[in-house]
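Computed over heavy atoms, backbone and side chain alike; hydrogens, waters and symmetry mates excluded. Residue numbering restarts at 1 for every chain, and letters A, B, ... go by the order of the sequence lines.
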Number of protein chains: 2
Amino acid sequence: MSREIPYKIYLEENEMPKQWYNVRADMKKKPEPLLNPATGKPMTAEELGVVFCDELVQQELDDTTPYIDIPQEIRDFYKMYRPSPLVRAYCLEKKLDTPAKIYYKFEGNNTSGSHKLNSAIAQAYYAKKQGLKGVTTETGAGQWGTALSMACAYLDLDCKVFMVKVSYEQKPFRREVMRTYGASVTPSPSTTTEVGRRILEAHPGTTGSLGCAISEAVEVATGSEGYRYVLGSVLNQVMLHQSVIGLESKTAMDKYGIKPDMIIGCAGGGSNLGGLIAPFMGEMLRGEAEYKFIAVEPASCPSFTRGKYLYDYCDTGMICPLAKMYTLGSGFIPSASHAGGLRFHGMSSTLSELYDQGLMEARAVEQTDVFAAAEEFARVEGILPAPESSHAIKVAMDEAIKCKETGEEKTILFGLTGTGYFDMTAYQKFNDGEMSDYIPTDEEIAAGLAGVPKIPGIQ
Amino acid sequence: MSREIPYKIYLEENEMPKQWYNVRADMKKKPEPLLNPATGKPMTAEELGVVFCDELVQQELDDTTPYIDIPQEIRDFYKMYRPSPLVRAYCLEKKLDTPAKIYYKFEGNNTSGSHKLNSAIAQAYYAKKQGLKGVTTETGAGQWGTALSMACAYLDLDCKVFMVKVSYEQKPFRREVMRTYGASVTPSPSTTTEVGRRILEAHPGTTGSLGCAISEAVEVATGSEGYRYVLGSVLNQVMLHQSVIGLESKTAMDKYGIKPDMIIGCAGGGSNLGGLIAPFMGEMLRGEAEYKFIAVEPASCPSFTRGKYLYDYCDTGMICPLAKMYTLGSGFIPSASHAGGLRFHGMSSTLSELYDQGLMEARAVEQTDVFAAAEEFARVEGILPAPESSHAIKVAMDEAIKCKETGEEKTILFGLTGTGYFDMTAYQKFNDGEMSDYIPTDEEIAAGLAGVPKIPGIQ
């Protein structure tokens, strides 16, 4: 007989994970390695070490060790804002009048407002351990930049953030959070880098792009003594750190004898989804259990559902290594009307390989439906979700409504990655009825994919 | 031997309070009653019932019942975002290198961003129970309006918020949160009320004030069938509901054998401070324990430290009943440079009486010191605090530093009422070095107090 389920399940501190779980170790067919675009050969540890911290390079390349110890310093930091609650959505169930049992793992109760902090502290910690002075990164809307600046402030590490200029100007609040945490925030493109100056010369008045900000951050990291570059999604190391989400979820569910039938997460670069599903996917890969996994992406940036599984650049600027992933082409940019985040053109290699093997499903949803679900959720569950997270809410609600129709008492787990407090411009658009949907045409998708590089002997 | 103290103490759901605690019941000398400004006589239940819900009027007037049951529906709502964590500030202690043990009760982990939700749901519940259609209120920066709109959305109750026009225009994000929760938000003064039209005629182009917004909200509540007016601070009923903060804190501390030496809270109208100290003050009033209580207020709006204990209007518009309280005069408005919240001219009658009896201390702090403390706190504890809450942080840090000097291992508890995500304009001012301090002159204080009404036979 299982215990009565509270509204929120909080683990005790001593129940929090002491190791991250590396799902690649349990994959028979592994994700493809990163390639050096100049040689078409797998990136070596040495090559990667120019850009990334040494220990993170090891984690990036290690696809055989299933459990990796979480250093005590990181575990102490985790205790400041974790464990995050596993919430039973009693109010949402009642509102939907569904026999389904809905749970969500809520990662928004920290000042970065999302799960990004889980990897930010890990990456900052290894930089500090390596004796570095600081790290550089890019940020779009600012979630990742905020998380990284928090981690760096805690470890007394310098943090240089290149923020896409249009966000820098239109989202001054996130910028101020980063500054409050002591980060330097530079609007990109800037005149502080060679690549920035070159871009400004070619495109005077440009409001910037993530690709350009990455290029500037990498230039500063590789050109400055004692700096490395860090990235908040897509990479294997990020999936590893984010496994705390899934590990905590699983421990909490096991404690109450709950087994999810399906696990749903939003997917941009894949950091949250990869972390949430990791231990459950591990069980499935080892033949110990069956789950249905659903990746939810925006219909306006549909890497899984309309992209191709190819080697592509991770950045628009084409200076990073090539990753094999579901991609829309590194030149693909979602429509200007897109307001829901998750705008990366590709997807984590690990998740791409799992999807390619048929171990995971994917759904694309339109943004007005996503915001409608977000609003309904906010009103009954009391949390104003981030637009990104609301993609998962939408599909969780769809599945719960299906259960109502069929009478099935399925158990649904989804990832509520963060809060929408810095996304009120998008909510305002929705509240004012001025939000529209956009689905790229087949021609637009084909045009993006035409930019994927041809690699002799590979593709 | 006490157990090892985790970073965060979360109560189990079944340990959450089932009753609110009414500190007035244990006071030998009670707070003075509200007076009808027309007659100078105590307000009757009937008179108050025109403006407030019946059950809330009873709670307002009841100064003898120590414990009042929390209805099950409200307890269920509390479970959505409570228990709030009692946090051991290990990182702050380390940073300050103090032998003091610092704890804070963090009320910011909900979408309203503050403790205001504790009373909002209670007031909305009683309105619903009375069969009303909706409630009206005023809001300045929007914390209380957000909390009320969340509670009303949950109970399917109409919510009309009059938001001070300057905030409505300058803080569009809070406004959008309220709209997302289905509230109607009207910039005040508006043309929708008689008093609004009158004010607009007299002062074309005015950006409004809290006093004016209160007047409009009260006019709509008393003039519409099925509506009542609700208020987020100052009132006895609000102190009662907010006692959940102190009750949870005390249960958590008792569980680990912790006894605070001092309890510190910020004080504007007194809702958080009153709630936090309630059960501890009760023990002291009953002679069971000794604590030091410290109210922290802005030096620019120093009701306790420079105001007088007199009957005064609660609103600038002088349409509400008179309350005996520490006041700066209902016409007192803090300097335009004031950015830290807590700008109410008076103080809860209950807290005023406790302060007058010498059971509580008060300190006034300047805002640049407050923001510096906020930033230091944010960097080590990972939470970006609301400016209001940061007043308590400042004094808690001062006390911890004193302990370092004297070597005393004091236990400090303070209330961290909320997060500063919607206050980044003030942080930006601080980050840019553009924030200044302002202390009213003796003449300004005297001018404010000159506006306190003369009441024949009373003052």
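Chain B forms the most heavy-atom pairs under 4.5 Å with one residue out of A:N109, A:T419, A:T180, and that residue is A:T180. Looking only at heavy-atom pairs under 4.5 Å with chain B, the residue among A:G113, A:A153, A:A378 that has the most is A:A378. Annotation: maximal heavy-atom pairing with chain B below 4.5 Å, among A:D423, A:D432, A:V87, occurs at A:D432.
With rounding to the nearest 0.5 Å, the separation of CZ in B:R379 from CG in A:L155 is 13.5 Å. Remark: B:R179 CZ to A:M424 CE distance equals 9.5 Å, nearest 0.5 Å. For the atom pair OH (B:Y421) and CZ (A:R174), the distance works out to 9.5 Å, reported to the nearest 0.5 Å.
Only the backbone of A:V380 comes within contact range of chain B, with heavy atoms under 4.5 Å apart. In this structure, chain A has a heavy atom under 4.5 Å from the side chain of B:Y10, while its backbone stays farther away. Neither the backbone nor the side chain of B:C152 comes within less than 4.5 Å of any heavy atom of chain A. For A:R175, the part lying near chain B is the side chain, with the backbone staying farther off; criterion is any non-hydrogen pair under 4.5 Å. Interface residue A:Q428: backbone and side-chain heavy atoms are both found under 4.5 Å from chain B. Of the atoms belonging to B:F77, not a single heavy atom falls under 4.5 Å from chain A. Looking at A:P83, both its backbone and its side chain come within 4.5 Å of chain B, counting heavy atoms on both sides. A:T425 touches chain B through backbone and side chain together, each having a heavy atom under 4.5 Å away. Contacts of A:D156 with chain B are absent, with no heavy-atom separation under 4.5 Å from either backbone or side chain.
Looking at heavy atoms from C-beta onward, B:D76 lies in side-chain contact with A:Y7 at the 4.5 angstrom threshold. The shortest distance between side-chain heavy atoms of B:M150 and A:L384 does not fall below 4.5 Å. Here the side chains of B:C91 and A:Y154 are in contact, with some heavy-atom distance below 4.5 Å.
Across every non-hydrogen atom of B:N431 and A:E176, the tightest pair is ND2-OE1, 2.9 Å.
Judged purely by atom type and a 3.5 angstrom limit, A:K79 has no side-chain atom pairing as donor or acceptor with the backbone of B:K8. In this structure, the side chain of A:Y427 does not engage the main chain of B:V177 through any donor-acceptor pair within 3.5 Å.
A:F173 and B:F173 have perpendicular rings, their planes meeting at more than 60° on a 0 to 90° scale where under 30° would count as parallel.
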